[in-house]
Amino acid sequence: MLALVDGSAPFFLESKEKHLNWSKAPLAHLEKSSLPSKKKHKRVRESFYRYTKRISKLGFNAVSLDELCYLSERDFYPEDLKRKISSYRKKYKKLFKIASSQGLKVFITSDFFSINDSILEQTSGDLDRIIPLFKESLEDLFSSFSEISGIVLRIGESDGVDVTGDFRSKLLLKNPKQTNSFLKEILPVFEKYNKTLIFRTWTLGAYEIGDLIWNPKTYRKVFQDIQSKSLIISLKYGEGDFFRYLPINPLFFEDDKPKLLELQARREYEGFGEYPSFVGWMYEKYRSSLLGKANIAGISVWTQTGGWSSFKNITFLKHSSYWNELNTFVSVQLFTKPERSLEEILLKFYGKKNLDLFIEFLKLSEELILNLLYDPGFARQSFYMHRVRIPPILHITWDKITVSDPFRSLYYFLNPDPKESLRLGEETFANLSRMKKISEKLDLPYDSAFQKKTFRLILNARKLLYSENSALLTESKRLAKEYHKKYPKTFRFQFQTSKSKPSQLLGFALKLFLRNRSRYRLRDKILFHPILRKIYYLVFLGIKNKLPDFINRQGMPVRELLQ
């Protein structure tokens with residue numbers, strides 16, 4: 001079984017940026033005078049050696065490195081970019097050697113497709129001219145670096161608007177037919193060199209291809225008539241991002257093509273490892289649903305990749321998170337040692353003494369995530385809008401917790417029992433006292449004061465979602481100000497609600513636009529006509545000040561998502 005892990009942690013360790021986009025290694029931050037810094041990349045290699053040695057011992061047998069465009073030479077590039085890529089190829093060659101010494105296969109990540117001015121001048125952005133260019137990159141890579149086992153390819157999300165450097169990826173495959181033709185074009189290159197294409201189905205809803213992550217019809221069109229020993233299809237465990245409350249992605253059972261299961265240990269929507277967010281019981285359920293029932297070729301565990309934040313824990317390296325390391329160990333052991341129970345795996349990680357207390361601590365911490373970070377009344381439901389499965393948590397994104405009128409309206413109209421949500425939140429918050437006592441007895445690396453202050457504000461956010469309590473709003477703003485002063489590089493709380501109840505007109509609109517099943521309705525084709533989507537963008541511009549302030553500053557541009 002392939003057990004793949006991301007290898008970006010050593011690169012992030014060298015970045016001095018205060019707020020980071022964790023979606024890919026920050027190569028541009030590690031450059032000096034338009035070339036990779038020799039000193040920084042020397043330290044990257046030293047950290048990469050420690051990292052690969054550690055993950056190899058845990059049971060991983062492959063590592064991914066970002067990214068193909070920095071290893072692809074072009075005759076038409078300007079001389080300074082040619083020198084830079086030549087330098088990267090030499091430095092990466094040393095990383096490949098380190099990975100091989102630890103018994104790890106090497107995979108290179110790539111978007112389809114990363115653009116710069118030179119490429120645009122040569123191709124005019126035309127897909128039929130870009131695909132041959134991509135094939136040339138593959139030929140060059142596989143013939144130049146025998147150590148590389150394959151490519152991890154993303155086609156459904158472009159770089160965030162905050163990404164800097166010589167390349168920016170752009171969505172070029174916009175429908176299933178194009179994607180199917182593209183795969184048929186490039187797979188022979190992988191077969192020729194006996195390499196593997198790990199093709200990710202991850203999409204965000206943009207263009208006709210945007211529902212590939214969950215729509216069986218789109219999936220079938222994309223992989224129609226494709227039979228290749230070089231292809232592995234990579235799926236996140238649910239129909240969306242790395243959230244809880246998601247049933248297993250049904251595409252795992254769509255056909256017998258080899259599948260890679262994507263898991264996340266550094267939970268980007270659940271604190272980035274700043275507090276415990278244990279995945280063991282959730283992943284154990286996914287294991288029982290998949291192994292022996294779907295053609296699982298392996299797993300891909302994200303130990304560092306994903307999200308935006310100021311948190312600087314670098315898993316398995318400097319300032320690592322104990323909770324991320326626990327999740328990583330449990331993830332790989334559950335699937336590479338399927339004969340072992342979760343309790344046996346925890347015994348191997350923690351030891352026999354006081355194991356029962358350690359497990360109790362993890363169960364209490366999981367209840368906090370399930371019942372307070374998430375709102376069960378909302379999260380247990382399934383909602384779809386156009387090509388997107390609505391996330392089971394809305395007001396908490398990465399390191400931003402926002403209570404504003406748009407979010408209040410969503411929870412107000414979509415949660416059938418707000419009183420139960422409030423009761424569960426209050427009841428679960430009490431877990432923190434018991435967790436503190438256990439952590440002190442077991443001497444766990446756990447900051448109980450930090451989690452208590454954080455979750456006190458999250459509990460206040462829950463209350464403000466369902467009430468017009470001006471006194472609580474004032475108190476919450478005061479607590480948030482004190483919190484930001486004490487913990488300046490952690491979470492940011494934004495409380496900006498009005499005193500009025502959510503509009504009934506908005507409630508009607510939600511019922512009109514949202515559906516409870518994945519299958520499209522005739523209504524959806526009308527509501528999301530291209531002309532109407534332009535109007536929705538204008539509406540977004542009108543309310544964006546009431547949404548989290550990272551909107552349109554991080555991630556894909558909203559305009560592109562509405563295509």
_One pair to check against salt bridge (charged side-chain N to carboxylate O under 4.0 Å, His left out): Lys486 and Glu482. What are the steps and the verdict?_
CA-CA 6 Å; Lys486 185 173 179 62; Glu482 293 174 0; over 6 Å; no
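- Using a cutoff of 4.0 Å between basic side-chain nitrogens and carboxylate oxygens, Arg244 and Glu366 are scored as salt-bridged.
- A salt bridge is defined here as a Lys NZ or Arg NE, NH1 or NH2 lying under 4.0 Å from an Asp or Glu carboxylate O, and Glu147 with Lys93 meets this definition.
- Ring-plane geometry between Phe223 and Phe199 is classed as perpendicular, the angle between the planes exceeding 60 degrees on a 0 to 90 degree scale with a lower cut at 30.
- You'll find the ring centres of Tyr70 and Tyr92 outside the 6.0 Å limit.
- Considering only residues two or more places apart in sequence or on other chains, Arg340 meets the side chain to side chain contact (heavy atoms under 4.5 Å, CB included) condition with Gln333, Lys337, Glu344, Ile345, Lys348.
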_As a quick check of understanding, evaluate salt bridge (charged side-chain N to carboxylate O under 4.0 Å, His left out) for Lys363 and Glu360, giving each step before the final call._
CA-CA 5 Å; Lys363 286 182 176 177; Glu360 182 187 350; over 6 Å; no
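- Taking both residues in full, the closest heavy atoms of Tyr487 and Thr490 are given as O-OG1, 2.9 Å, listed atom of the first, atom of the second, then distance.
- With sequence neighbours excluded, the residues satisfying ring-ring contact (aromatic ring centres under 6.0 Å, His included) with Phe242 are Tyr237, Trp302.
- Looking at residues two or more places apart in sequence or on another chain, you find a ring-ring contact (aromatic ring centres under 6.0 Å, His included) between Phe145 and Phe96.
- Electrostatic pairing of Arg43 and Glu14 counts as a salt bridge here, judged by a charged N lying under 4.0 Å from a carboxylate O.
- Within a 6.0 Å sphere centred on NZ of Lys436, heavy atoms belonging to other residues, nucleotides or ligands number 12 at most.
- The distance from atom CG of Asp211 to atom OG1 of Thr218, rounded to the nearest 0.5 Å, is 3.5 Å.
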